[in-house]
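Only a predicted model underlies this, so the values are computations on that prediction, with no experimental measurement involved. Note that the numbering runs from 1 along the sequence shown for the chain.
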Amino acid sequence: MANKQIPYKIYLDENEMPKAWYNLRADMKNKPAPLLNPDTLQPMTAEELSGVFCAELARQEVDEDTAYFDIPQEILDFYKMYRPAPLVRAYCLEEKLQTPAKIYYKFEGNNTSGSHKLNSAIAQAYYAKKQGLRGVTTETGAGQWGTALSMACAYLGLDCKVYMVKCSYEQKPFRREVMRTYGASVTPSPSMETQVGRKILAEHPGTTGSLGCAISEAVETAVNTEGYRYVLGSVLNQVMLHQSVIGLEAKAAMDKYGVKPDVIIGCAGGGSNLGGLIAPFMGEKLRGEADYRFIAVEPASCPSLTRGVYAYDYCDTGMVCPLAKMYTLGSGFIPSASHAGGLRYHGMSPILSKLYDDGLMEAVSVKQTEVFEAAERFARVEGILPAPESSHAIKVAMDEALRCKETGEEKTILFGLTGTGYFDMMSYEKFHDGKMSDYIPTDEELAAAVAKLPTI
Ligand SMILES: *Cc1c(COP(=O)(O)O)cnc(C)c1O
């Protein structure tokens with residue numbers, strides 16, 4: 001099949017779509033560290049986790065041996081409404097950059113939520129419904145996850161309660177209304193509805209909230225409401241598992257044309273799209289069957305891999321969630337108002353953290369003005385208006401392609417284009433008006449947040 005003319009878009013047929021998710025942990029010799037119970041500091045069992053999460057999801061969370069999980073038929077049917085996602089050969093971008101590199105991107109923005117988050121939202125809502133639950137709670141920062149979850153819940157007939165970081169709730173009224181259109185109830189966080197919200201408001205009156213704080217509120221409401229569980233859109237092992245559909249599809253599409261990427265690039269907030277994209281390729285690397293370079297791209301304003309520490313930390317501000325060993329800036333770190341809302345998390349997936357710590361993956365951080373420059377160049381030639389989060393990957397893919405131009409190398413680059421940026425036009429406006437700044441935290445600021453890490 002090699003050398004066959006590669007189309008601009010490679011679609012799989014419906015019957016070529018993955019039927020099982022791939023659990024990368026099964027092929028990791030060095031397993032990621034387990035989640036710890038915040039009270040006992042012992043590894044969390046599936047039973048303990050099922051007080052907060054749906055039972056099946058809790059099982060997926062702790063399973064580090066089963067390589068493949070069959071995707072239930074109902075989820076496959078839902079996937080078919082917006083998948084397979086196209087793998088695009090970026091001929092126009094290559095031409096524009098005059099690079100010998102071959103650039104591919106996996107585009108996950110072809111659904112109303114505008115991002116890859118729907119891949120896990122439908123899975124999590126499905127297991128909640130199957131368990132006979134009434135509803136789920138969650139947090140949302142920029143709003144993509146809340147939108148995806150509200151779509152999945154509407155489809156399955158589940159209640160959906162979203163705590164939305166207050167500054168986003170106010171700045172992104174359209175996202176909020178999309179969620180309400182799908183029947184979700186949306187509360188600005190911190191709120192007076194929960195104990196932890198009231199405590200945070202008493203300590204920080206006028207605060208516009210953070211993801212860590214909204215997580216605490218959502219967890220509290222889930223455990224105190226009959227028939228409810230909490231769901232999370234990134235970071236967790238179960239989310240990495242569901243997102244493996246991105247990488248499995250991308251690999252199947254490339255295999256179909258005999259194409260092998262040399263370098264695979266993705267943006268990293270909590271790590272779910274990157275973890276999903278690289279999963280089957282990293283599996284081959286871990287089993288010694290092939291070699292690839294992997295690059296995580298994070299914002300310079302919230303650089304958990306490149307400037308954080310690898311340690312146990314809280315996943316939320318209220319310290320009610322399990323502790324995760326991960327690259328973290330400290331759960332008390334409040335990132336500046338970076339526009340890539342989906343990348344403003346203090347920690348990182350324990351799986352990706354372990355791979356990075358073992359030297360199997362690289363990481364770079366980029367400044368947001370250069371990210372928006374790349375986004376605009378990309379939009380003008382490839383047509384898609386990218387989300388600011390996704391544009392971090394675009395920036396580094398373009399840098400790699402330009403390096404190939406200097407060296408004459410014909411590398412094959414694959415990157416994840418996680419979503420569209422229609423709800424981010426205020427950020428684009430700032431960029432166009434020259435009002436965007438590049439805030440980079442100082443070493444002192446980072447040290448202050450890391451000093452407050454729990455001692456374990
Ligand atoms: C949430 C989001 C991200 C970052 O989340 P990960 O879990 O790191 O993948 C990236 N891009 C878009 C469009 C998002 O919505």
Test your reading of the model: is there a side-chain donor-acceptor pair from [X] to the backbone of [Y], 3.5 Å cut-off?
X    : Y    : answer
E389 : C267 : no
D13  : N15  : no
N111 : S115 : yes
T138 : V231 : yes
S349 : G271 : no
S244 : M240 : no
Q60  : L241 : no
Y79  : N119 : yes
E48  : T45  : yes
K325 : P32  : no

Working for side-chain contact (heavy atoms from CB on, under 4.5 Å), residues E14 and M17 = CA-CA 5 Å; E14 257 180 40; M17 284 169 65; 4.3 Å; yes

Side-chain donor-acceptor contact under 3.5 Å, [X] with [Y]:
X    : Y    : result
E56  : Y126 : no
T418 : S390 : yes
S216 : D316 : yes
E139 : S189 : no

Side-chain touch [X]/[Y], heavy atoms, less than 4.5 angstrom:
X    : Y    : answer
D313 : H346 : yes
Y345 : I215 : yes
Y68  : N23  : no

side-chain contact (heavy atoms from CB on, under 4.5 Å) between L286 and K29, worked out = CA-CA 8 Å; L286 291 172; K29 274 191 219 73; over 6 Å; no

How far apart are the closest heavy atoms of [X] and [Y], and which atoms are they?
X    : Y    : answer
G51  : V223 : O-CG1, 3.8 Å
N30  : D358 : ND2-OD2, 3.0 Å
A214 : V165 : CB-CG2, 4.3 Å
L232 : V239 : O-CG2, 3.4 Å
P350 : V235 : CD-O, 3.4 Å

Does [X] come within less than 4.0 Å of [Y], counting only side-chain N to carboxylate O?
X    : Y    : value
E74  : K129 : no
R293 : E400 : yes
E108 : R83  : yes

More than 12 non-hydrogen atoms from neighbouring residues, nucleotides or ligands closer than 6.0 Å to [atom1] on [X], yes or no?
X    : atom1 : result
R180 : CZ    : no
K130 : NZ    : no
K31  : NZ    : yes
K80  : NZ    : yes
M426 : CE    : no
K260 : NZ    : yes
Q195 : CD    : no
K430 : NZ    : no

Nearest 0.5 angstrom please: [X] [atom1] to [Y] [atom2], how far?
X    : Y    : atom1 : atom2 : value
D159 : S150 : CG    : OG    : 12.5 Å
S113 : Y182 : OG    : OH    : 8.5 Å
I440 : R307 : CD1   : CZ    : 7.5 Å
Q73  : F78  : CD    : CZ    : 14.5 Å

Among V263, I265, L277, V259, which one satisfies side-chain contact (heavy atoms from CB on, under 4.5 Å) with L414?
->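 Testing L414 for a side-chain contact (heavy atoms from CB on, under 4.5 Å) against V263, I265, L277, V259 leaves exactly one candidate, L277.
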
Determine, step by step, whether D63 and R25 satisfy the salt bridge (charged side-chain N to carboxylate O under 4.0 Å, His left out) criterion, reporting the C-alpha distance in whole Å, the side-chain angles of both residues, the deciding distance to 0.1 Å, and the verdict.
-> CA-CA 8 Å; D63 188 332; R25 282 171 294 168; over 6 Å; no

Test side-chain contact (heavy atoms from CB on, under 4.5 Å) on T420 and F107 and set out the steps.
-> CA-CA 9 Å; T420 46; F107 179 48; 3.8 Å; yes

Mind running side-chain contact (heavy atoms from CB on, under 4.5 Å) on S191 and E217 for me, showing each step along the way?
-> CA-CA 8 Å; S191 76; E217 287 206 278; 2.7 Å; yes

Test applied, side chain to side chain donor-acceptor pair (under 3.5 Å); reference residue, K161; option that passes from T137, T187, T221 =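 So the option named by the test is T187.
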
